[in-house]
Peer 1: 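Here it is, the structure in full.
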Amino acid sequence: MSTAPDVDAFLDRLRGIASEWAAAHDELETMQVVASSADELATATADSGGTVTDLVLAPGLRWHGSEVVATSILEATSDAVERANARRAELVSGSVALAVSGRKRSAAALAGERGPAVATGHGTS
């Protein structure tokens, strides 16, 4: 006698997966990562694609040499892009892992409902 499938539990799992995917997608759409240089002369913002979308420079930059200012800008923008890329990778890998685990659970649930697999031969004896 086979066990009736727990449709409600299966649907709850699907809803959970859909909700987590939607949350990850929403975060990717709106993500903004802000990073400042150690000397706080430059603050950069990067989006989920790793594109710098804003750069704010501290007042009084003329008192610092151009090399110091350039280094601060590069430090802030590089940090913002690196952190945005890392967060995007976390979100994407989490979504992929969620999909894979959901698929495995669904396959296992279906296999449990159908009973053990029976091998069939197609050759002649």
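Only this structure's heavy atoms are used, side chains among them; waters, hydrogens and symmetry mates stay out.
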Peer 1: Distance-only, no hydrogens or angles: does the T77 side chain make a donor-acceptor pair with backbone N or O of L74 under 3.5 Å?
Peer 2: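 Such a contact is found between T77 side chain and L74 backbone.
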
Peer 1: Only counting residues at least two apart or in another chain, list the ones meeting salt bridge (charged side-chain N to carboxylate O under 4.0 Å, His left out) with E27.
Peer 2: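 If we apply the salt bridge (charged side-chain N to carboxylate O under 4.0 Å, His left out) test to E27, skipping adjacent residues, the hits are R87.
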
Peer 1: Going by side-chain hydrogen bond (donor to acceptor under 3.5 Å, both in side chains), name the residues that satisfy it together with R83, two or more places apart in sequence or in a different chain.
Peer 2: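 Applying side-chain hydrogen bond (donor to acceptor under 3.5 Å, both in side chains) to R83 gives none.
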
Peer 1: Applying side-chain contact (heavy atoms from CB on, under 4.5 Å) to N85 and V81, what does each step give before you reach the verdict?
Peer 2: CA-CA 6 Å; N85 287 339; V81 168; 3.5 Å; yes

Peer 1: Does any non-hydrogen side-chain atom of V7 lie less than 4.5 Å from one of L11?
Peer 2: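 Yes, their side chains come closer than 4.5 Å.
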
Peer 1: Could you work out the complete set of other residues in the hydrophobic cluster of M31, with links drawn between I, L, V, M, F, W and Y side chains under 4.5 Å apart?
Peer 2: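 Joined to M31, directly or through intermediates: V33.
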
Peer 1: Suppose we screen for salt bridge (charged side-chain N to carboxylate O under 4.0 Å, His left out). Which residues come up paired with D54, at least two apart in sequence or across chains?
Peer 2: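 D54 satisfies salt bridge (charged side-chain N to carboxylate O under 4.0 Å, His left out) with no other residue.
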
Peer 1: A side-chain contact here means heavy atoms from C-beta on lying under 4.5 Å apart; do D12 and R15 qualify?
Peer 2: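 Result yes, sub-4.5 Å side-chain heavy-atom pair found.
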
Peer 1: Pairs of donor and acceptor atoms involving the side chains of residues 37-53, under 3.5 Å and at least two apart or interchain, shall be tabulated with distances.
Peer 2:
residue : atom : partner : partner atom : Å
S37     : OG   : D39     : OD1          : 2.6
S37     : OG   : E40     : N            : 3.4
S37     : OG   : L41     : N            : 3.2
S37     : OG   : A42     : N            : 3.3
D39     : OD1  : L41     : N            : 3.1
D39     : OD1  : S72     : OG           : 3.0
D39     : OD2  : S72     : OG           : 2.6
T43     : OG1  : S36     : OG           : 2.8
D47     : OD1  : G49     : N            : 3.0
D47     : OD1  : G50     : N            : 3.2
D47     : OD1  : T51     : N            : 3.0
S48     : OG   : L28     : O            : 2.7
T53     : OG1  : Q32     : OE1          : 3.2
T53     : OG1  : T45     : O            : 3.4

Peer 1: Using atom types as modelled, flag every donor-acceptor pair under 3.5 Å from a side chain in residues 58-70 to any protein atom, sequence neighbours excluded.
Peer 2:
none

